[in-house]
Amino acid sequence: MRRSFLFLFLAFWFALPASAQLRKDRLFKVDPASGLFKEFRVAMEHRWRDSEWWGYAAPFGYYQNWFPKRNVRAGRPGVPQKYFGAGTRLGVRKYFSGDSPKGLYVSGMAGYRYNWVNIYSTELAFVQRDRFHSVGVGGTVGWQELYGRKDNLAYGAHVGLEYYRNYGSRYRQGEYVRNWYEFAGGFRLFIGVELGFAFLQKRLHW
């Protein structure tokens, strides 16, 4: 009995260094800062084979209300509007630490969003609905770390720029709200904070 216990203890002890050599293969994350951009973002990363390249998929939902003030700035609508939609961003990330998914990375991505706009009268009576597509590309620079005894908690942040163009709208683009993170010509800031979980792959790396 004692020999069996000793054997199991030694087997577990010598297995610990091998477990430390396992690399993370997949991450699931949410972005608590996405509310500042009228979005709710989730994301998934998956390692491309055994490289420092990672595939990136980030579906999101979009929602905001616009209630105009008395002095509406030029180019903004003078009636209440409600915006909502859904979309996704797909891209790749390249880590430079040699120990991905940790450290500095750059990413490129393409995005798509389908939008609805409900337009109301000044008495908040529904008038009509508009639909349009948004298609864009972008890039970010970011930093990510893993935390915990097994490095299974992930946190990081990124900043970048996107370019989007709208299609299919029956209204002039200037009649829609331009938020603080959107610029003339279709450019917009893309900033995020990601928190989530990292999962081990099944293959050993010595």
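- Atom OH of Tyr62 sits about 3.5 Å away from atom CD of Gln64, to the nearest 0.5 Å.
- For the atom pair CG (Leu36) and CG (Leu189), the distance works out to 11.5 Å, reported to the nearest 0.5 Å.
- Placement of Ile191 and Tyr105 in two distinct hydrophobic clusters is found when ILVMFWY residues are connected by side-chain heavy-atom separations under 4.5 Å, directly or transitively.
- Other residues, nucleotides and ligands place more than 12 heavy atoms under 6.0 Å from the CZ atom of Phe183.
- Hydrophobic clustering, with ILVMFWY side chains joined whenever heavy atoms are under 4.5 angstrom apart, groups Tyr155 together with Met44.
- Contact record, Val193 with Asp31: O-OD1, 2.7 Å, taken as the closest heavy-atom pair.
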- Message: Could you go through His133 and Tyr114, starting from their C-alpha distance and side-chain angles, then the distance that decides it, and tell me whether this counts as side chain to side chain contact (heavy atoms under 4.5 Å, CB included)?
- Response: CA-CA 5 Å; His133 308 268; Tyr114 190 78; 3.2 Å; yes
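- For Tyr181, the ring-ring contact (aromatic ring centres under 6.0 Å, His included) test picks out Phe37, with sequence neighbours left out.
- Across all non-hydrogen atoms, the minimal contact from Pro80 to Ser121 is CD-O, 3.6 Å.
- Between atom CG of residue Leu27 and atom CG of residue Asp25 there is a gap of 9.0 Å, rounded to the nearest 0.5 Å.
- Panel note: side chain Asn152, backbone Ala198; no donor-acceptor pair is recorded below 3.5 Å.
- Under the 4.5 Å side-chain contact rule for hydrophobic residues, Trp180 and Leu161 share a cluster.
- Side-chain contact between Phe96 and Glu52: absent, with no pair of heavy atoms (C-beta onward) separated by less than 4.5 Å.
- When all heavy atoms of Val106 and Val141 are compared, the pair lying nearest together is CG1-CG2, 4.2 Å.
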- Message: Between Asn179 and Trp66, is the side chain to side chain contact (heavy atoms under 4.5 Å, CB included) condition met? List the steps.
- Response: CA-CA 10 Å; Asn179 294 285; Trp66 163 249; over 6 Å; no
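- Residues satisfying the side chain to side chain contact (heavy atoms under 4.5 Å, CB included) test with Phe197, not counting sequence neighbours, are Leu153, Phe199.
- Between Glu45 and Lys29, at least one side-chain nitrogen of the basic residue sits less than 4.0 Å from a carboxylate oxygen of the acidic one, meeting the salt-bridge criterion.
- Rounding to the nearest 0.5 Å places OH of Tyr120 at 7.5 Å from CZ of Arg129.
- Glu162 is linked by a salt bridge (charged side-chain N to carboxylate O under 4.0 Å, His left out) to Arg89, Arg188, counting only residues two or more places apart in sequence or in another chain.
- Trp54 and Ser100 make their closest contact through NE1-OG, 3.2 Å (heavy atoms, listed as atom of the first residue, atom of the second, distance).
- Clustering ILVMFWY residues whenever any of their side-chain heavy atoms sit less than 4.5 angstrom apart, transitively, puts Val30 in a cluster other than the one holding Tyr56.
- For the pair Tyr164 and Glu182, the minimum side-chain heavy-atom distance is 4.5 Å or more.
- The structure places CG of Asn166 at 7.5 Å from CZ of Arg113, a figure rounded to the nearest 0.5 Å.
- Considering only heavy atoms from C-beta on, Val42 stays 4.5 Å or farther from Phe28 through its side chain.
- Note: Glu39 CD to Phe190 CZ = 7.0 Å, rounded to the nearest 0.5 Å.
- Here the shortest heavy-atom pairing between Ala86 and Trp116 reads N-CZ3, 4.3 Å.
- Every side chain to side chain contact (heavy atoms under 4.5 Å, CB included) that Val117 has, sequence neighbours left out, goes to Gln81, Tyr83, Ile119, Asp130, Phe132, Tyr176.
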- Task: Given side chain to side chain donor-acceptor pair (under 3.5 Å), test Gln144 with Tyr95 step by step and report yes or no.
- Result: CA-CA 9 Å; Gln144 184 165 265; Tyr95 288 86; 3.0 Å; yes
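- Qualifying salt bridge (charged side-chain N to carboxylate O under 4.0 Å, His left out) partners for Lys38, counting only residues two or more places apart in sequence or in other chains: none.
- Between Arg41 and Gly192 the shortest heavy-atom distance is NH1-CA, 4.0 Å.
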- Message: Please evaluate residues Lys102 and Lys24 with respect to the criterion side chain to side chain contact (heavy atoms under 4.5 Å, CB included), reporting the C-alpha separation (whole Å), side-chain torsions for both, the decisive distance (0.1 Å), and the verdict.
- Response: CA-CA 10 Å; Lys102 297 181 181 181; Lys24 303 300 179 178; over 6 Å; no
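- Looking at residues two or more places apart in sequence or on another chain, you find a side chain to side chain contact (heavy atoms under 4.5 Å, CB included) between Val135 and Tyr112, Tyr167.
- Contact annotation: the side chain of Phe60 never approaches that of Ser34 to less than 4.5 Å [non-hydrogen atoms, C-beta and beyond].
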